[in-house]
Amino acid sequence: MNHLPGGPGPDQIWPRPACSRQTAYAGVGFGLGFSVAQSPARAQILGSAGEFAWGGAASTAFWIDPAEDLIVTS
């Protein structure tokens, strides 16, 4: 359920490719323990350049988008 008015629903933002793997791919870099979105359009993710994320053990993950003042854990 989306608790943010006018925002994307969970089906539109999850799964996050940047969280689900820790190897670099188009538009995403990796450093100091987490991925960093360099070009959300090339990475095909909803987000902002500079957001960072980590896909952890046991299906845990987080991402932080400083441009949107947003922190998400799952």
Side-chain angles (χ1 to χ4, degrees):
M1 172 185 249
N2 182 5
H3 295 282
L4 300 173
D11 58 326
Q12 295 172 311
I13 60 174
W14 198 262
R16 302 279 294 179
C19 291
S20 62
R21 56 181 130 156
Q22 295 181 353
T23 58
Y25 59 97
V28 176
F30 187 80
L32 297 177
F34 43 82
S35 63
V36 179
Q38 297 170 330
S39 173
R42 288 188 66 203
Q44 298 179 4
I45 59 172
L46 295 173
S48 306
E51 80 172 29
F52 49 98
W54 178 72
S59 298
T60 61
F62 80 83
W63 79 87
I64 299 173
D65 188 336
E68 300 294 333
D69 197 28
L70 180 67
I71 299 171
V72 178
T73 62
S74 67

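Along the sequence shown, residues are numbered consecutively beginning with 1. All figures in this text were calculated on a predicted structure; none of them were measured in a lab.
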| message | If I take atom CD1 from residue I71 and atom CH2 from residue W63, how far apart are they, to the nearest 0.5 angstrom? | response | 12.0 Å
| query | Taking all non-hydrogen atoms of both residues, which atom of P40 and which atom of A49 are closest, and how far apart? | reply | CG-N, 3.5 Å
| remark: Closest heavy-atom pair, S35 versus V28, reported as atoms and distance to 0.1 Å, is CB-CG1, 3.7 Å
| task | Could you point out which residue of V36, L46, I45, V72 forms a side chain to side chain contact (heavy atoms under 4.5 Å, CB included) with E51? | result | I45
| task | Quick one: pull up CH2 in W54 and OG1 in T60 and give me the separation to the nearest 0.5 Å. | result | 4.5 Å
| query | What is the minimum heavy-atom distance between F34 and A53, and which atoms define it? | reply | CB-O, 2.7 Å
| Any P66 side-chain heavy atom under 4.5 Å of F52 side chain | yes
| Which residues pass the side chain to side chain donor-acceptor pair (under 3.5 Å) test with S48, sequence neighbours left out? | D65
